[in-house]
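Encoded as structure tokens, the structure appears first; notes follow it.
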Amino acid sequence: MHNAAFRHLGIEASYQAWDIPPAELAAAVARLREPGVYGANVTIPHKLEVMPFLDEVSKVAKTIGAVNTIVNRQGRLLGTNTDAVGFSRALGDVGVRPAGISAVMLGAGGAARAVAYALLTAGVRLLLVYNRTPARAERLARDFAALGAIAVVPTSELPICIGAADLLVNTTSVGMVGSKGDDLPLPELWLPRQGVVVDIIYRPSRTRLLREAQAAGLTIQNGLPMLVYQGAESFSLWTGEQSPARAMLEAARLVLESLPS
Ligand code: NAP
């Protein structure tokens, strides 16, 4: 999608995948300081470990605990995180304005921290977190308590909390290609009575959770808009240009459709 954006704007640049072992991280980051390099994305396992090699880390990246974007500003490297912006913008596409709503979030991993940041800073009335490993949900709730009303929900109260929620977000990897096929990220199929269900998984394009939610008449969204919008935000930070999000979405969709399911 980034190469599509470069082509769309007539910028002579290319986006490349670098497979960097942990021992070579410092050297790889140093190469980003060169003139002519816009920056980079960072993914597992370097999202936290990269921080000491940067000149500045944004507040959002520190709070989320992960850098996903590095921007080269004349040899100075800024680390930030665009997942929360990406998630917020994606919510807008399905008409969700988080201020004042109640949300249930499934999962407490890295992506959950970006989603929690986005929802709490946008003013959700209450964010309830459910995770297979409750201790991780407790940790997330503690880390984000200063940003707004967040609490961990036990399994016994989950059906009633989901039923009353305006928004249900799956941030777990359950249902993703490569995981156990048709599994649900919940002990049972519990859905909101009305509102929106988002699954930030983008492969497959519709997880079982989304298919069931759609069959129940709820509005659904998969993870592709979040993926594209986080990329669009990174692209703007690198180039200073307005990102061609539609061209990026089409490019990403074409690639995903060409992959085996
Ligand atoms: P992560 O840090 O490894 O967290 C994984 C989460 O899934 C944890 O909450 C984990 O629970 C839960 N989980 C895993 N297997 C489970 C199972 N069998 N039953 C119940 N819960 C299970 O991963 P991540 O980086 O947050 O990514 C999570 C998903 O989000 C992935 O599918 C990824 O592709 C997607 N994602 C999408 C975007 C986007 O832009 N759309 C961005 C980032 C991530 P425990 O704590 O109990 O292990």
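Positions are given from 1 along the sequence. Scope of the values below: all heavy atoms of this structure, side chains included, with no hydrogens, waters or symmetry mates. Whatever order the structure lists them in is the order used to number ligands and atoms, beginning at 1. Small disclaimer: the values here were computed from a predicted structure and weren't measured.
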Please give the N or O to N or O pairs under 3.5 Å between ligand 1 and the protein, distances rounded to 0.1 Å.
residue: ligand 1; atom: 2 (O); partner: G110; partner atom: N; Å: 2.9
residue: ligand 1; atom: 7 (O); partner: S173; partner atom: N; Å: 3.3
residue: ligand 1; atom: 9 (O); partner: A108; partner atom: N; Å: 3.0
residue: ligand 1; atom: 9 (O); partner: N131; partner atom: OD1; Å: 2.7
residue: ligand 1; atom: 11 (O); partner: N131; partner atom: OD1; Å: 3.2
residue: ligand 1; atom: 18 (N); partner: R132; partner atom: NH1; Å: 3.3
residue: ligand 1; atom: 26 (O); partner: G110; partner atom: N; Å: 3.2
residue: ligand 1; atom: 26 (O); partner: A111; partner atom: N; Å: 2.8
residue: ligand 1; atom: 40 (O); partner: L227; partner atom: N; Å: 3.3
residue: ligand 1; atom: 41 (N); partner: I200; partner atom: O; Å: 2.9
residue: ligand 1; atom: 41 (N); partner: G223; partner atom: O; Å: 2.9
residue: ligand 1; atom: 46 (O); partner: N131; partner atom: ND2; Å: 2.8
residue: ligand 1; atom: 46 (O); partner: R136; partner atom: NH1; Å: 2.9
residue: ligand 1; atom: 47 (O); partner: R132; partner atom: NE; Å: 3.0
residue: ligand 1; atom: 47 (O); partner: T133; partner atom: N; Å: 3.1
residue: ligand 1; atom: 47 (O); partner: T133; partner atom: OG1; Å: 2.4
residue: ligand 1; atom: 48 (O); partner: R132; partner atom: NH2; Å: 2.8

Q: Give a yes/no verdict on a cation-pi contact between R73 and W238, requiring under 6.0 Å between NZ or CZ and the six-membered ring centre and an angle within 45° of the axis.
A: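 That pair does not qualify as a cation-pi contact.
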Could you give the side-chain donor-acceptor pairs of residues 241-249 under 3.5 Å, partners two or more places apart or in another chain?
residue: S243; atom: OG; partner: A232; partner atom: O; Å: 2.5
residue: S243; atom: OG; partner: S236; partner atom: OG; Å: 2.8

Q.
If you take the centroid of each ring, where Trp contributes its six-membered ring, are F6 and F235 closer together than 6.0 Å?
A.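 Centroid distance F235-F6: below 6.0 Å, so yes.
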Q: Ignoring hydrogens and angles, tell me if any N or O in the side chain of N41 forms a donor-acceptor pair with the backbone of N68 under 3.5 Å.
A: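 Looks like yes, one N/O pair under 3.5 Å.
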(Q) For a 4.5 angstrom cut-off between non-hydrogen side-chain atoms, does D183 reach R208? (A)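 Side chain of D183 against side chain of R208, heavy atoms only: no contact under 4.5 Å found.
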**Q.** Side chain proximity check, Y130 to I162, heavy atoms < 4.5 angstrom
**A.**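 SC-SC contact between Y130 and I162 ruled out.
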